Every structure is written in structure tokens, then in C-alpha cells.
Amino acid sequence: MNSLLALVSLILCLSIAWMIPGYGASAIVLCAIFAALVGTVVSQLKENSNFLLRIFLGALLVRILVGTIIYIFNLQDFFGSDANTYDFFGFALFKVWNGEQFYQHYVNQFAGGEGMGGGWGMLYLVAVVYSLIGRNMLAIQFINAVIGAATVPVIFLCALHIFNNLRVARISAIFVAFYPSLVLWSSQGLKDGPIIFLIGLSVLATLKLGERLSVKYLSVLVFSLIALLSLRFYILYLMVAAIAGAFIIGMRAITAQSFARQFVIVVLLGVSLTYLGAFRYASTQYETFGNLEALQRSRLDAAQQGESGFGRDIDVSTTSGAISAIPLGLTYLLFAPFPWQLASLRQSITLPEMIIWWASFPFLVVGLWFTIKFRLRQASPVLIFTAMLTLMYSLFQGNVGNAYRHRAQLLIFLFIFVAVGYVLTKERREDKKRRELAARQHLGFRPVHPSTSNM
């Protein structure tokens, strides 16, 4: 398997360097450096490191392939036009860093527009990469591919930490590695891939801190939250609330020592974020965007975009209107696009993965029920964050495409519960077969050998 992955990697990299002269080779080299750094971290995990390295590399190769196809055929506008936005404004920021003040106008334009609501962190990522190798959108896609593939071991570790079940962890990792929409959003120059990775990393750090105080994981958590703030500010609020709620509930049996540890962690986290200006910046964003009127404007704009808008008559600017909008928004967030909405090629290509997702939903219900009943404390950060983000997106989603895209931020955790439900169902079937076989043997029945069945 290792030899096959190495051969495929070599062939793919050489092909990209040959097909995209001037950009392919430098993008591959930068991708290889970042992938080696991730691989080094993963290899430090004594148990399961071989599996994680293989699935990380497999996930990375799939994302590189998809990203290359998007780049060669100029499909950025088809799949995610934001990639062109980040490329343009990131290049402008790179120019400003090099003393060309003419481009400051464009940077200010972004800061006065989308930058007010987040996304400036993506500009810095693009500008840093362009500072290293020049303007190269393919390199941004490949960096995002590494980040997307790095999400796989993070979710594996989260699942293993909560359920202590290797089968659950491996199934979760496989879903995150190869589920089409998760591959798609982390194969482009979009901020979705980094956001998903940082959400998973924040939860993993929180789970580790629930066991013991660690400077390493506290630093990882602070970094992840600051980075999330730079990409999508409201997720910081949700994540901090989930972390605080998890520590209040307690991820392990509460003792005086664990209570003191959790109190210290919360204080240190609050001081760190305050010192770094995270809460001040987030408060500014909240004053601008954190009200129902702004939510209604955002939702109405999305609902009026083409034929994929829905609920144009819904008004979430009041409390009663917001509550009444949740059922429809939740339905679209979890299940759209529906078969009768597949009116275009972009919508139709989602059908295969939607069939997988719809078929997985019963396992999700079983897994959630088991988790709430038997692993509530251990899974509290995941449950609280997922529930809050689901409600928020249910409120302001007014477009099928946006719902499909934002659902990816939930899928990395929902697939953990799907894996739990699948494993539980499979184990119950195996137990039933064993009981039936034991009963047959107890009654004196013996299996008949095929060669003697006709004698």
C-alpha cells in the first residue's frame, strides 16, 4: 500500500509539473513541504500512525487531483467564485507589503466590505504564499488541500478520544477524507477548508484540556480561535460558548482537582483572547452584524439569488419570525438539495453524495441517541458547538447552495455520530447472529457441509 501511494504521488506530481508549466512545479514543492510537516506531526502518534499517514496521503492526493482539474479548466466561478476574490485582494496585499501603495485602495475596499465580517485571514494566507513563490492560485489550492487532508487525523483523534473505539474513529476519518463536498471545498482557494480544520482542531484541543492542563494544547486552542476569528468571526462566539459549556458540564467526573483545572483553563483562555484583542474585534463585528435586522438582510439577499433561493417570504428580523424560520432552514441545511431541485449541472452532480448522506441519516440518529445517553460529558464540546452552529445556519440560510456549502462545517462532527450508529448497528447484528448460532448448537443442530448435502 505504501509503495502504491508513493508511486501514485510521484506520477501525479510529475504530471502536474508537466501540464502546468511555470506554476505546477512551485505549487507542488510548497505543497510537499507543508504535507511533510503534517506527516511529521502525525508520525509522532505512536498508535495508528501508519493508518493516519496513509489516509492523510490518500485524502491529499484526491484533493490535489480535484484542485488541478478545477485550475486547468478554470472552474473557479462554477464551484466557488470567492477563490478569485481572495486571489485578487490577497495579491493586492502582497503588493502593498512590497511598497506599492497604489494597491492599498483595493485592500481598504476589502476591509470595508467582506473584511468587516471576516475573511481577512484568508488574504494574509494568500499574500504570504505569494511572497514566497509569486502569484500562483494553484499553490493556494494545494495549501488548502493539505489543510483539508490534515482535518482527517484531527477528526480521528476527536472520535477516538470521545468513544475510545478504533472502528468508530477509522470510519469517521474515512468519511472526512473522501466525502465529495469536503474534498471539493478544501480543493479550492476558499476559506472553507481552513475553517473546517480550525473547528476540528479547537475541539480536539478542548478535549485534551478536559483531561489535563497542557500549555501545548492551550496554545493550540488560542491559535485556532484567533485564526477562526480572522476567517469567520461569529464562529469564535459559538466555539467559546461550547468550550465554556463543556468545562461547566465537565468532560470527566467532577472532582476538586478537575474543577480547579477547568477554572484555570477558562481564565487563561479568556486572558489570552482579551490580550490579543480577539474579544474587542469580535464585539465590533457583533455590533455591526449581530442583530436580527442584519440577519434578515443577509438571509433575504441569499434567498433572492437565482432559482436556488428559498423562503423569500420569511422574516427573521423578529424573535417570533426567527423561531418560525428554524424548521424550514434546518430541513434545507441538513437535506438540500432535494431531487426535485436538481435543475442545473452544478446541483445534479451533488446527487450521488446526497444519496450517501440521506442513507446515513438513520445511523446519525442512532449515534446521537447513544452519545447523549452514554457519552454526554465526553462529547459535550462537539454537541454544544454543533447544535449552536446548526441553529444559526438554520436561521439565516436562504439559499440551497449556501446551505450545501455551510453544511460541510457540521459534517466533520456529524460523521462521527454516523460512525457510532453504524458500528452499533453492525455489532448488534453480529451479536444477534452469534446468539442464533449458539441457540442452534444448544438444540443439537450442526451446520451441514456442502459436499454431503445431497448424499
Side-chain angles (χ1 to χ4, degrees), residues 41 45 147 150-165 168-169 172-173 176 194-255 257-276 278-279 282 368 371-372 374-390 392 409-417 420:
V41 174
L45 304 172
I147 295 172
T151 308
V152 177
V154 169
I155 295 304
F156 174 93
L157 294 173
C158 287
L160 189 62
H161 185 98
I162 295 171
F163 296 100
N164 196 29
N165 186 297
V168 168
S172 304
V176 175
I195 288 173
I196 292 170
F197 169 75
L198 291 167
I199 288 173
L201 191 61
S202 299
V203 169
L204 177 60
T206 302
L207 292 171
K208 294 295 185 180
L209 289 170
E211 282 189 335
R212 63 184 180 87
L213 178 59
S214 167
V215 175
K216 178 179 72 174
Y217 283 111
L218 183 61
S219 301
V220 169
L221 181 56
V222 171
F223 164 79
S224 301
L225 294 176
I226 295 295
L228 279 172
L229 176 64
S230 73
L231 296 170
R232 191 159 284 163
F233 81 94
Y234 56 80
I235 291 184
L236 173 69
Y237 281 110
L238 301 182
M239 186 59 72
V240 169
I243 293 168
F247 282 133
I248 291 172
I249 295 173
M251 286 170 276
R252 293 291 185 270
I254 297 178
T255 63
Q257 182 180 2
S258 66
F259 177 81
R261 180 184 67 246
Q262 290 165 186
F263 178 78
V264 170
I265 291 171
V266 171
V267 170
L268 290 175
L269 182 61
V271 170
S272 299
L273 293 176
T274 302
Y275 177 76
L276 294 171
F279 288 136
L368 275 173
T371 303
I372 293 172
F374 298 106
R375 290 288 190 277
L376 180 61
R377 287 180 180 272
Q378 294 89 334
S380 55
V382 175
L383 291 171
I384 296 172
F385 176 79
T386 304
M388 290 192 300
L389 189 61
T390 299
M392 173 168 283
Q409 297 169 21
L410 301 168
L411 285 177
I412 56 173
F413 296 133
L414 296 182
F415 279 141
I416 295 178
F417 302 127
V420 172

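Because the structure is predicted, anything quoted here is derived from the model rather than measured.
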Taking all non-hydrogen atoms of both residues into account, name the closest pair between [X] and [Y] and its distance.
X	Y	value
H161	L207	NE2-O, 3.3 Å
M388	A242	CE-N, 3.8 Å
F374	Q378	O-OE1, 4.3 Å
A159	A169	CB-CA, 3.8 Å
Q409	I199	CB-CD1, 4.2 Å
C158	V203	SG-CG1, 4.2 Å

Gap separating the [atom1] atom of [X] from the [atom2] atom of [Y], nearest 0.5 angstrom:
X	Y	atom1	atom2	result
I243	I265	CD1	CD1	10.5 Å
L229	Y237	CG	OH	9.0 Å
I384	T206	CD1	OG1	10.5 Å
Y234	L389	OH	CG	7.0 Å
I155	L160	CD1	CG	12.5 Å
L228	L198	CG	CG	4.5 Å

Is the shortest side-chain heavy-atom distance between [X] and [Y] below 4.5 Å?
X	Y	answer
I416	V382	no
V420	I162	no
S230	I226	no

Check against side-chain contact (heavy atoms from CB on, under 4.5 Å), F417 and I372
CA-CA 10 Å; F417 302 127; I372 293 172; over 6 Å; no
Hey, mind stepping through I412 and V154 against side-chain contact (heavy atoms from CB on, under 4.5 Å) and telling me if it holds?
CA-CA 10 Å; I412 56 173; V154 169; over 6 Å; no
Could you walk me through whether F233 and L236 pass the side-chain contact (heavy atoms from CB on, under 4.5 Å) check?
CA-CA 6 Å; F233 81 94; L236 173 69; 5.9 Å; no
Show me, pair by pair, the donor-acceptor contacts under 3.5 angstrom made by side chains of residues 213-225, not counting sequence neighbours?
residue : atom : partner : partner atom : Å
S214    : OG   : K216    : N            : 3.3
S214    : OG   : Y217    : N            : 3.3
S219    : OG   : V215    : O            : 2.8
S224    : OG   : V220    : O            : 2.8

Run the side-chain contact (heavy atoms from CB on, under 4.5 Å) test on L383 and F413 for me, step by step, so that the C-alpha distance in whole Å, both residues' side-chain angles and the decisive distance to 0.1 Å come before the verdict.
CA-CA 9 Å; L383 291 171; F413 296 133; over 6 Å; no
